[in-house]
Amino acid sequence: MNLLRIELHKILPYRTVWIILATFAILLTLFLYASSQVSVNGQQLGESMYRLPAFWQRLAYIASFFNLLFSILVIVLITDEYAFRTLRQQVIDGLSRADLVMAKIYVILALAATGTLFLLLLGLYFGLLYSTDRSLSAIFGQIDALFYYFVQSVGYMTLAMLFAFLIKKSGLAIVGFIAYTIIVEPLIHFRLPEAVDKYMPMKVMGSLTPMPLQEVLDQITTPSEVLSPALAALLTLVYIALFWLLSYYVLKLRDL
Amino acid sequence: MTVILDIDNLSKRFGSIQAVNNLSIKVEQGSIYGILGPNGSGKTTTLGMVLDVIRPTSGSFTWFGQAITRSTKQRVGALLETPNFYPYLTARKNMEIVAAIKGVDNANINSVLQLVGLEEREHTTFKGFSLGMKQRLAIASALLNNPEVLVLDEPTNGLDPEGIAEIRELILKIASEGKTIILASHLLDEVEKVCTHVAVLQGGVLRAEGPVSTILSAKDQIIISAPDTARVLEVLRQLPFVEKFQPNRELVHLTLQDNFSSADVNKAMFNAGIVLAQLTVRRKSLEAQFLEIIKKQH
């Protein structure tokens, strides 16, 4: 826990962190607010969209697009430490390489918790405003969507951490991370049968926050094979462990 | 004497460059140990290895007779290459982070900031510091947990003459408290003024090692002349404290054993009835000695 305290000392006065968190909060709120104004067939979408408990899943799905912001923040925080040579100094002053990675894992958990908490507040606010059924079972019925969002968020950021430790330079690491998540892995999916590619990290993490109305789409087109969120969560934990271990070995095998 | 740092056959290779080659040295308690060498001679690489940030290719080292661990690190304070801090944090905030890592109380921060003369600037962000202040903050941070050993890599690099003098005074002050200091420098003058022991590195190879007095302060040369050179040579041959002499046209160059000076030569000559026409002491420059050490083993 001392490691988390040290990290908070670094992060709390850092303006970049607050700017990225504020961007996340503002964009997500605006997005939700704006969608309520869309009218379909003369009827405002707002009402039905915010209805709990189904709203939790929609919320998690929308928020999943903002994982990129958190991942970039993690990359910035880690590559900064290379630029300032503070990783090196911390090892000289007494930390081990395992401590360095562990400290960033704590940061990732704290960021994911912050994001999830914000989602909970947003969900309760918009949900209670528009839902007619306000029983506990209606409000918290599908709240597990938030848990899956949390796991997904940690997964994305752990992969970002690996890119940051591996590449060291902020710009290159961000480009590498985006290139892998948005271009390289989807290209690989394209080449592989679905039975195989559904186990790849981006697809596994994507399955944690399934698109709302996917069932409707599946009736029109050929249904695509996806993992259940529970199985995806389990596999994401395996990937998190893998990225964590790889980050550690990157640090262990290199000079600082 | 207790050996603080024992380096045994340490080597580091970066691709095709052999940065450090089978280096073995021992640093004893209470010494101010200088690692002297030109830029690129492997000083920082050596310190980086013993400070756990560079992986040795081969060889080993111990601190206080043990492998490096968190507990040995807590007995060593170090500044490697550059002062490394968060630029957007104030001096005090940066020190609080170091205090948390080293597991010491924040109360120590005031006294070390005072020691390096930064107590007035504790609320200035690190990026607003001058190079000299950054360097002093790094020394303060190395001293934070009152370590037994201080490792300083080029601590006066980039400082103005006043800053250099301040840092040197600070080092001597710290050493007078009985701490062991390991100091890497490419400045001969610095090592000669500050250190008790020195290891001369070149191209990653140890060229010479020992007390500064034997390695660097080679003997002064005395030049004499007299009307009758032959007679002078005859007397010199009989003087026990003359180490060697070399006639050079009408002049004679000679070196003396320790604790003898040109006055002794003058007296001996006078007693033998010779009046010297010339008596000059030529201090051998440190640079010349250094080049000699390096050339000798090529």
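Numbered from 1 within each chain, the chains take letters A, B, ... in sequence-line order.
Contacts of B:Lys127 with chain A are absent, with no heavy-atom separation under 4.5 Å from either backbone or side chain. With a threshold of 4.5 angstrom between heavy atoms, B:Phe14 approaches chain A through side-chain atoms but not through N, CA, C or O. For B:Ile54, the parts lying under 4.5 angstrom from a heavy atom of chain A are both the backbone and the side chain.
Between chain A and the residues B:Val76, B:Thr72, B:Leu89, the largest count of heavy-atom pairs under 4.5 Å involves B:Leu89. With respect to chain B, the highest number of heavy-atom pairs below 4.5 Å among A:Thr86, A:Leu253, A:Asp99, A:Leu87 belongs to A:Thr86. Your options are A:Gln89, A:Arg85, A:Glu7, and the one with the most heavy-atom pairs under 4.5 Å with chain B is A:Arg85.
Of the possible polar contacts, none joining the B:Arg55 side chain to the A:Asp255 backbone as a donor-acceptor pair under 3.5 Å is found.
How far NE2 of A:His9 is from CE of B:Met95: 13.0 Å, rounded to the nearest 0.5 Å. Expressed to the nearest 0.5 Å, how far CD of B:Gln74 lies from CG of A:Asp93 amounts to 10.0 Å. To the nearest 0.5 Å, atom CD of residue A:Gln90 and atom NZ of residue B:Lys73 are 11.0 Å apart.
By the 30° and 60° cut-offs, the orientation of the rings of B:Tyr86 relative to A:Phe84 is perpendicular.
Residue A:Ile92 comes nearest to B:Ala78 through the heavy atom pair CG2-CB, 3.6 Å, listed as atom of the first residue, atom of the second, then distance.
Counting heavy atoms of neighbouring residues, nucleotides and ligands inside a 6.0 Å radius, atom CZ of A:Phe147 does not exceed 12 of them. Within a 6.0 Å sphere centred on CZ of B:Arg121, other residues, nucleotides and ligands contribute 12 heavy atoms or fewer.
In summary, of the residues considered (A:Arg97, A:Lys252, A:Arg88), a salt bridge (charged side-chain N to carboxylate O under 4.0 Å, His left out) with B:Asp52 occurs for A:Arg97 alone.
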